[in-house]
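The shown structure was predicted, so the numbers you read here are calculated from the model rather than taken from an experiment. Side chains are part of it too, since the values below use all heavy atoms of this structure and drop only hydrogens, waters and symmetry mates. In what follows, chains are A, B, ... by sequence order, proteins preceding strands, each numbered from 1.
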Protein chains: 2
Amino acid sequence: MYPIRNNIMSNIELNDKKIQILEVAEKLFSEKGFEGTSIRDISKHAKINIAMVSYYFGSKERLLEALIIYKTSDLKLQLENLLLENLEPLDKVNKLIEIYINRISCNKGIFRVLHFEINAKKREKSFIAFTELKKGNLKSVESIIAQGQAKGVFRKDVIIPLITPTIIGTFFHFHMNKPFFEELLNLKTEAMYNDYIKNSLTKHIQQTIKALLVYEN
Amino acid sequence: MYPIRNNIMSNIELNDKKIQILEVAEKLFSEKGFEGTSIRDISKHAKINIAMVSYYFGSKERLLEALIIYKTSDLKLQLENLLLENLEPLDKVNKLIEIYINRISCNKGIFRVLHFEINAKKREKSFIAFTELKKGNLKSVESIIAQGQAKGVFRKDVIIPLITPTIIGTFFHFHMNKPFFEELLNLKTEAMYNDYIKNSLTKHIQQTIKALLVYEN
DNA sequence: GTTTAAATTAAACAGTCGTTTAATTTTATT
DNA sequence: AATAAAATTAAACGACTGTTTAATTTAAAC
């Protein structure tokens, strides 16, 4: 018999096979985009039958939905925990940046898809889930910066909703031009590339945001 | 007879019809991605026969190449002119940011495609052209910042290749999340959205880069 | 007006796409 | 071991893909 392919089933109950499919899908989507990846590609790389994707997720579109939820569900939690930590405002901001970069760095594939496939088309369900994630993130950032402003450490004329674009945007632009920067900065191996992100790029972003928040004209 | 469909013809000789096709292609590529846009889509919107795209450009891939060259050729010139201007280093940086934002803002569509289609696949020809553009841009930025450092206005420990990611990345991340920020910042019309970019967002980026270049620990 | 080249067209090409089908095998339950 | 559910399969579906074809119309040259 065929299972009822509703959202509850396809999104929450994730068995090993489903996760295997999601991992392959993420890899291929990030390499070739959503439209550029066929279900036949996915099933070939995941070594399953073509029909299994539809069987498990219902459709390619719903596979994307499941992928988004699967990959973004714990970032929110991580940020909420950061809020409760007892840190100086600047340290908190630095840690926020680290969380962002680490989180996105580990999920480069899906974030690429998120930004360039979701917003483009009218993928309603996926879009709403993504918007909620962003709203939650913004609240966390607002809260952290408000703490620093209350302590008189941060200036008060920064436009807070534009902080996240600077953090994530810088990282993303770097990553989207990976081949360019690999050549320019002589990052010959994948390890060197990841090291550069973890050290130099993260530092640059932290330095940038610190300067923006602290600098007085 | 059929014209020789070589690069010289398809890239340089741009008649009205070709430009019309390129404009439509940019619009659709930016909305639905390269893979997500069919030649039938393009020909329908451009009100031409399907075969005309192949006739003029040779293939869909070569259409993309032509589009990139068509849309990026004058940015390089604009930056080289900026170098020659007699301005204070900080004013020069601010103007650089304005040029970047204005230039990309007017060509949002193609830059979206550039970042997410080019780097993903092995579109060699397009990729090389794009890499050359970025190298030239970096040289301009290096030169401007070196001027400021020589005058003792800018600090000397900034990683210059990461300046551009911060400028363009911030703008891009904002634009990629257009629907999100439209709702968040209450930008009800297209004019209000563009105004926000021209004023608030540009100011934010200028303020950020200034702080980064000038701020002393 | 005739000739030659360019532009434009409808139709067909061979593939690929996402999805569904019905049959079969595997697994779990009793 | 028998029964029921779930997983897996190969095959087919119609729709769409980029590209090419050969025929026709339009424009330019002489």
Side-chain angles (χ1 to χ4, degrees), chain A residues 1-10 12-22 24-25 28-29 31-67 113 117 121-123 125-126, chain B residues 1-10 12-22 24-26 28-29 31-67 113 117 120-123 125-126:
Chain A
M1 275 300 129
Y2 314 106
I4 305 146
R5 296 192 289 263
N6 57 16
N7 291 326
I8 294 150
M9 147 123 202
S10 60
I12 293 175
E13 286 177 33
L14 289 179
N15 57 39
D16 290 352
K17 206 119 227 171
K18 282 177 132 188
I19 289 174
Q20 180 198 358
I21 296 172
L22 288 175
V24 170
L28 295 179
F29 285 168
E31 284 172 8
K32 316 200 286 177
F34 180 75
E35 312 280 354
T37 304
S38 69
I39 291 185
R40 281 168 182 82
D41 277 343
I42 296 170
S43 56
K44 196 179 287 177
H45 281 84
K47 284 161 192 167
I48 52 160
N49 187 274
I50 327 163
M52 292 306 290
V53 173
S54 293
Y55 176 74
Y56 272 133
F57 297 96
S59 69
K60 194 186 176 190
E61 201 74 30
R62 293 249 288 278
L63 167 67
L64 178 60
E65 279 174 36
L67 182 57
V113 177
E117 308 280 358
K121 278 200 174 183
K122 294 147 203 153
R123 307 188 198 280
K125 275 216 126 197
S126 313
Chain B
M1 279 296 129
Y2 312 106
I4 305 145
R5 294 193 289 263
N6 57 15
N7 292 324
I8 294 149
M9 146 122 203
S10 61
I12 294 176
E13 286 178 33
L14 290 179
N15 56 40
D16 290 352
K17 207 121 226 171
K18 282 177 133 187
I19 290 174
Q20 177 198 359
I21 295 172
L22 288 175
V24 170
E26 178 186 19
L28 295 179
F29 286 168
E31 283 171 8
K32 317 199 286 176
F34 180 74
E35 313 279 355
T37 304
S38 70
I39 292 186
R40 281 168 181 81
D41 276 343
I42 296 170
S43 56
K44 197 179 287 178
H45 281 85
K47 284 162 192 167
I48 52 159
N49 187 274
I50 325 162
M52 291 307 291
V53 173
S54 293
Y55 176 75
Y56 273 133
F57 297 97
S59 69
K60 195 187 175 188
E61 201 73 29
R62 294 249 287 279
L63 168 66
L64 178 61
E65 279 173 38
L67 182 56
V113 177
E117 309 279 357
K121 281 201 171 176
K122 295 146 203 151
R123 306 187 199 280
K125 273 216 127 198
S126 313

Fill in: Distance (rounded to the nearest 0.5 Å) between A:Arg62 CZ and A:Ser54 OG
10.0 Å

Item to complete: Give a yes/no on whether any side-chain N or O of B:Tyr55 is located under 4.0 angstrom from OP1 or OP2 of C:dA7.
Response: yes

Worksheet item: CG of A:Leu22 to OH of A:Tyr56: how many Å apart, nearest 0.5 Å?
Response: 11.5 Å

Item to complete: List for me each residue that meets side chain to side chain contact (heavy atoms under 4.5 Å, CB included) alongside B:Ile39, sequence neighbours excluded, and say none if there are none.
Response: B:Ile50, B:Val53, B:Lys60

Item to complete: In whole angstrom, give the distance that lies between atom CG of B:Leu63 and atom P of D:dT17.
Response: 15 Å

Practice prompt. Give the intermediate values and the outcome of side-chain contact (heavy atoms from CB on, under 4.5 Å) for residues B:Tyr55 and B:Asn49.
Written response: CA-CA 10 Å; B:Tyr55 176 75; B:Asn49 187 274; over 6 Å; no

For nucleotides 26-28 of chain C, print each protein N/O atom paired with a nucleotide N/O atom at under 3.5 Å, atom names and distance only.
none

Worksheet item: Does the A:Ser43 side chain pair with the main chain of A:Arg40, one donor and one acceptor, at a distance under 3.5 Å?
Response: yes

Discussion item. Side chains of A:Leu64 and A:Phe57, heavy atoms from C-beta outward: is any pair under 4.5 Å?
Written reply: no

Worksheet item: Mind checking what makes side chain to side chain contact (heavy atoms under 4.5 Å, CB included) contact with B:Asp41, not counting sequence neighbours?
Response: B:Leu28, B:Lys32, B:Thr37, B:Ser38

Worksheet, complete the sentence: In whole angstroms, the gap separating C1' of D:dT9 from NZ of A:Lys47 amounts to 18 Å

Worksheet item: A:Arg62 CZ to C:dT20 P: how many Å, rounded?
Response: 10 Å

Practice prompt. Please identify each residue that fulfils side chain to side chain contact (heavy atoms under 4.5 Å, CB included) with A:Lys44, with sequence neighbours left out.
Written response: none

Fill in: Atom pair distance, as rounded to whole Å: CE in B:Met52 and P in D:dT21
17 Å

Practice prompt. Starting from P on D:dT17, measure out to NZ on A:Lys32 and report it in whole angstrom.
Written response: 18 Å

Discussion item. Generate the contact string for nucleotides 12-19 of chain C. Rules: B means base contact, S means sugar-phosphate contact only, - means no protein heavy atom under 4.0 Å.
Written reply: B----BBB

Discussion item. If I take atom NZ from residue B:Lys18 and atom CD1 from residue B:Ile48, how far apart are they, to the nearest 0.5 angstrom?
Written reply: 12.0 Å

Worksheet item: Are A:Phe34 and A:Glu61 side-chain neighbours, meaning at least one heavy-atom pair lies under 4.5 Å?
Response: yes

Discussion item. Tell me whether B:Gln20 contacts the main-chain N or O of B:Ala46 through its side chain, where contact means a donor paired with an acceptor under 3.5 Å.
Written reply: yes

Worksheet item: In degrees, rounded to 10°, what is the bend between the two ends of the helix from C:dG1-D:dC30 to C:dT30-D:dA1, using five pairs at each?
Response: 10°

Worksheet entry | Under-4.0 Å side-chain N/O to phosphate OP1/OP2 contact, B:Asn49 with C:dA10 | yes

Worksheet item: To the nearest Å, how far apart are A:Tyr56 OH and C:dT20 P?
Response: 17 Å

